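Report on the following structure.
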Amino acid sequence: MALQFYNTATRSKEPFTLPEGVPAVRIYCCGPTVYHFAHIGNLRTYIFEDFLRRTLEYYGFAVNHVVNITDVGHLTSDGDDGDDKMEKGALRTGKTVWEVADYYTQTFMKDWKALNIIEPSIWCKATDHIQQQIQLVKTLEEKGYTYRTSDGIYFDSAKFPRYPDFAHLDVENLQQGSRIEMGEKRSATDFALWKFSPKDQKRAMEWDSPWGIGFPGWHIECSAMAMHHLGETLDIHCGGSDHIRVHHTNEIAQSECATGKPFARFWMHGEFLRMGSDKMSKSAGEFLTVSLLQEKGFNPLDYRLFALTSHYRNYLNFTWEALENARESLKSLHKKTDVLIGKADLIQSELALRFKNEFQEAIGDDLNMPKALGILNSMLKENLEESEKAALVLDFDRVLGLNLGSIREEYAPKQENVDVFKIDALISLRNEARKNKNWAESDRIRDELKSMNITIKDGPNGTEWSL
RNA sequence: GGCGACGUACCCAAGUUGGUAAGGGACGGCUCUGCAAAAGCCUUAUUCCUCGGUUCGAGUCCGAGCGUUGCCUCCA
């Protein structure tokens with residue numbers, strides 16, 4: 001029952017343990033840049049990190065989980081010609097950059113809640129840690145890892161020979177095919193630690209520093225905040241797979257040069273959600289958000305279950321059909337578990353303990369959630385005492401986070417102009433016809449309701465309708 | 001150009017050190033119902049992109065090919 005995770009640093013699965021004397025797992029997860037809504041692809045990564053956290057807790061570890069909110073507008077390129085994402089967001093919405101950051105931070109946290117992602121121990125904002133970032137750059141400068149150009153202070157990657165190792169970079173060929181603008185950089189892999197504000201204009205966000213007025217570079221915030229809140233070495237550092245080559249490589253370089261210690265023991269990366277050929281993903285402003293799914297009648301947890309059906313290191317293809325699958329799947333899961341609510345008791349039979357054990361092994365094997373789901377389903381089919389089933393459902397749901405311990409919340413598609421009065425009238429007309437065995441009339445009324453998108457079902461307690 | 005990932009039934013997807021294809025959804029069938037819907041039950045791949053090789057035995061290892069796709073620029 002050894003807990004093991006795939007470590008990007010070694011490209012292999014390794015047993016996870018905590019070093020002597022460390023009371024809680026120190027996890028840092030790269031969070032969002034709050035200049036726009038998070039789309040469900042972004043959210044997939046946070047769901048993966050949530051499984052990770054819950055799995056660690058299931059295994060009895062205390063967890064110190066830090067997630068950053070990037071509210072500094074970094075430029076979109078290394079030169080001076082890129083746009084600032086935050087300022088772009090401000091322009092788009094007609095708000096100040098601070099309002100933009102605040103607004104999208106709030107909606108982001110709402111999404112977390114809707115997806116039943118456990119809040120991190122600490123949310124940290126980049127703008128609240130400018131001094132720590134400046135301090136880190138100063139340390140790097142003192143140790144001789146930096147150089148100055150006309151537009152900023154840069155990290156000299158040539159001084160860190162291990163630079164290419166983490167991402168298996170082929171630095172020679174990187175330059176050949178890159179689209180990186182060199183500017184005054186000495187090497188394509190050098191990166192800005194501190195950027196100067198343009199002399200002729202005032203930026204919406206800028207700070208004083210030993211090098212003049214400006215703003216922090218792209219990567220420094222994560223190193224500064226992670227070390228500020230968790231210490232110089234982390235146990236696990238997570239992010240999306242796109243971070244491996246640039247962001248995390250640079251974080252390692254600057255952090256390890258500053259401290260002389262390993263920055264993180266484990267690196268874990270979530271793979272992307274794909275949108276297939278669906279156009280809506282790419283076209284600006286049309287990407288899929290949690291609230292859009294809700295408008296279409298999905299419970300956010302339907303999406304959580306969808307994310308649960310594939311392994312975090314594999315691509316997941318998003319299609320509406322697949323989401324509907326997940327919704328049906330969650331519904332039928334609830335059918336089986338809702339009747340168990342309140343019946344939980346001890347897990348003690350040999351069979352029940354075996355299920356618990358299998359479940360624990362699945363999640364502990366690099367978060368094999370699809371397998372864990374399969375175990376839940378098999379368990380529900382098995383001939384077990386209801387009290388044990390109920391207990392196992394609650395136990396598993398500590399990790400799955402599907403709220404199987406409470407009744408499912410339905411999300412009806414948004415539909416204006418539903419005339420409840422008329423529907424009720426039609427239904428009683430139909431029931432009158434049925435009483436008289438006038439089947440033709442009752443079927444006609446049902447068709448009429450159907451044309452209004454109303455589905456009815458005749459149950460023992462009368463007729464129910466739904467959209 | 002460099003570095004990767006993936007290709008398992010209609011759809012999503014698991015498959016640990018090679019041993020004879022989890023699970024979910026849809027479909028279909030049955031039960032129930034005036035008929036539907038709902039509910040319950042059952043069923044669904046001699047086969048894992050192709051071709052070779054290793055092996056008593058390969059989805060699982062090796063080689064080649066085909067296809068899809070990501071990163072290398074802010075990006076989860």
Side-chain angles (χ1 to χ4, degrees), chain A residues 4 11 13 29-33 35-36 38-49 70 73-79 82-85 88 164 167-181 188-189 218-219 238-247 249 269-274 276-277 305-306 308-333 335 361-362 365-366 368-378 380-381 434 437-440 442-443 446-447 450 455-460 463-466:
Chain A
Q4 55 171 354
R11 311 269 164 141
K13 282 190 202 174
C29 298
C30 287
T33 302
Y35 68 105
H36 213 317
H39 63 258
I40 60 174
N42 297 318
L43 265 359
R44 182 191 180 198
T45 298
Y46 303 115
I47 294 174
F48 137 61
E49 290 159 356
T70 296
H74 301 303
L75 300 184
T76 52
S77 94
D78 230 343
D83 298 311
D84 178 308
K85 284 193 294 187
K88 254 171 102 175
H168 297 191
L169 295 178
D170 179 344
V171 177
E172 304 290 305
N173 285 306
L174 193 77
Q175 289 172 314
Q176 208 179 89
S178 78
R179 286 163 280 178
I180 301 170
E181 289 171 39
T189 51
W218 306 344
H219 314 290
C238 306
S241 64
D242 57 319
H243 280 330
I244 298 170
R245 288 170 170 277
V246 178
H247 187 54
T249 289
H269 295 92
E271 198 41 91
F272 273 27
L273 178 76
R274 288 186 179 168
S277 55
L305 178 64
F306 173 65
L308 211 39
T309 60
S310 85
H311 188 91
Y312 76 92
R313 281 193 286 116
N314 284 148
Y315 292 108
L316 213 205
N317 290 309
F318 178 86
T319 60
W320 288 105
E321 189 189 355
L323 220 215
E324 281 159 17
N325 273 358
R327 173 169 59 191
E328 290 313 309
S329 183
L330 187 56
K331 270 188 195 170
S332 78
L333 218 39
K335 261 173 223 157
E361 266 180 35
D365 182 12
D366 196 32
N368 194 337
M369 307 315 290
K371 191 172 180 183
L373 258 186
I375 291 163
L376 170 65
N377 277 300
S378 316
L380 288 169
K381 269 192 250 175
R434 290 177 68 216
K437 296 196 194 294
N438 185 351
W439 309 129
S442 87
D443 288 352
R446 185 168 60 207
D447 287 344
K450 198 173 178 183
T455 313
I456 54 176
K457 43 183 179 178
D458 302 322
T463 303
E464 292 174 33
W465 63 271
S466 56

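Labels below follow one simple rule: chain letters A, B, ... track the order of the sequence lines, proteins then strands, and each chain is numbered from 1. Nothing here was measured: the structure is a model prediction, and the numbers come from that model. Heavy atoms only: backbone and side chains are in, while hydrogens, waters and symmetry mates are out.
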- [ ] Considering just the side-chain nitrogens and oxygens of Lys381(A), establish if one lies under 4.0 Å of OP1 or OP2 belonging to A22(B).
- [x] no
Open item on the list: Nearest to the side chain of Asp443(A), heavy atoms from C-beta on, is which of G23(B), C71(B), C35(B)?
Closed with: C35(B)
Task: Closest to side chain of Arg245(A), choosing from C3(B), G34(B), A76(B) - done: C3(B)
Task: Pair partner, G23(B) [Watson-Crick or wobble, under 3.5 Å] - done: C12(B)
TODO: With the side chain of Ser329(A) defined as its heavy atoms from C-beta on, choose the nearest nucleotide among G24(B), C12(B), G70(B).
DONE: G24(B)
- [ ] Using a 4.0 Å cut-off on protein heavy atoms (strictly under), produce a 5'-to-3' string for nucleotides 14-21 of chain B with B for base contact, S for backbone-only sugar-phosphate contact, and - for none.
- [x] SS------
Task: For G70(B), the Watson-Crick or wobble counterpart (both distances under 3.5 Å) - done: C3(B)
- [ ] Determine the interplanar angle of the Phe306(A) and Phe318(A) rings, folded into 0 to 90°, and report it as parallel if under 30°, tilted if 30 to 60°, perpendicular if over 60°.
- [x] perpendicular
Open item on the list: Can you check the distance between C62(B) and U16(B), where both ends of the measurement are the P atom (answer in whole Å)?
Closed with: 13 Å
- [ ] Find the distance Leu43(A):CG to A76(B):P and express it as a whole number of Å.
- [x] 11 Å
Open item on the list: Need one value for Leu376(A): base, sugar-phosphate or nothing, where a base atom within 4.0 Å counts as base even if backbone is also close, heavy atoms only.
Closed with: nothing
- [ ] Return the 5'-most residue of the pair Tyr315(A), Ser378(A) with respect to RNA chain B, ranking by each residue's nearest nucleotide.
- [x] Tyr315(A)
Open item on the list: Suppose you measure atom C1' in A21(B) against the same atom in U68(B); what distance do you get, rounded to whole Å?
Closed with: 24 Å
TODO: Evaluate salt bridge (charged side-chain N to carboxylate O under 4.0 Å, His left out) for Asp365(A) paired with Lys371(A), printing each intermediate quantity in order.
DONE: CA-CA 10 Å; Asp365(A) 182 12; Lys371(A) 191 172 180 183; 5.7 Å; no
TODO: Measure the distance from CG on Leu169(A) to C1' on C72(B) and round it to the nearest whole Å.
DONE: 8 Å
- [ ] Rounded to whole angstrom, note down the P distance from A58(B) over to G19(B).
- [x] 11 Å
Task: Separation of atom CZ in Arg327(A) from atom P in A26(B), rounded to whole Å - done: 11 Å
Open item on the list: So if I take every side-chain heavy atom of Lys457(A) and compare against A37(B), G25(B), A5(B), which nucleotide ends up nearest?
Closed with: A37(B)
Open item on the list: Between P on A76(B) and NE2 on His243(A), what's the gap in Å once rounded to a whole number?
Closed with: 6 Å
Task: Paired nucleotide for U43(B) [Watson-Crick or G-U wobble; both distances under 3.5 Å] - done: none
Open item on the list: Side chain of Glu321(A) only, heavy atoms from C-beta on: which candidate in C11(B), A76(B), C3(B) is closest?
Closed with: C11(B)
Task: Nearest to side-chain heavy atoms of Phe272(A), which nucleotide of G25(B), A76(B), G4(B) - done: A76(B)
Task: Phosphate OP1/OP2 of G25(B) contacted by Ser332(A) side-chain N/O (<4.0 Å) - done: yes
Open item on the list: Rounded to whole Å, please give me the gap between CG in Asn317(A) and C1' in A13(B).
Closed with: 11 Å
TODO: Nearest whole angstrom, please: distance from the C1' of A38(B) to the CD of Glu328(A).
DONE: 12 Å
Open item on the list: Measuring to OP1 and OP2 of C12(B), would you say a side-chain N or O of Asn325(A) lies under 4.0 angstrom away?
Closed with: no
Open item on the list: Please give the distance between the C1' atoms of G7(B) and C41(B) as a whole number of Å.
Closed with: 35 Å
Task: U50(B) versus U8(B) - spacing of their C1' atoms, nearest Å - done: 15 Å
TODO: Quote, to the nearest angstrom, the P distance that separates C3(B) from U73(B).
DONE: 16 Å
Open item on the list: Just to be sure I understand the rule, does Gly239(A) reach a base, reach only the sugar-phosphate, or reach nothing, if contact means heavy atoms closer than 4.0 Å?
Closed with: sugar-phosphate
TODO: Whole angstrom is fine here: how far is it from CG in Leu380(A) over to P in G24(B)?
DONE: 10 Å
- [ ] Calculate the interatomic distance between Ile244(A) atom CD1 and G4(B) atom C1'; express it in whole Å.
- [x] 9 Å
Task: Touch class at under 4.0 angstrom, heavy-atom based, for Tyr46(A) against every strand present - done: sugar-phosphate
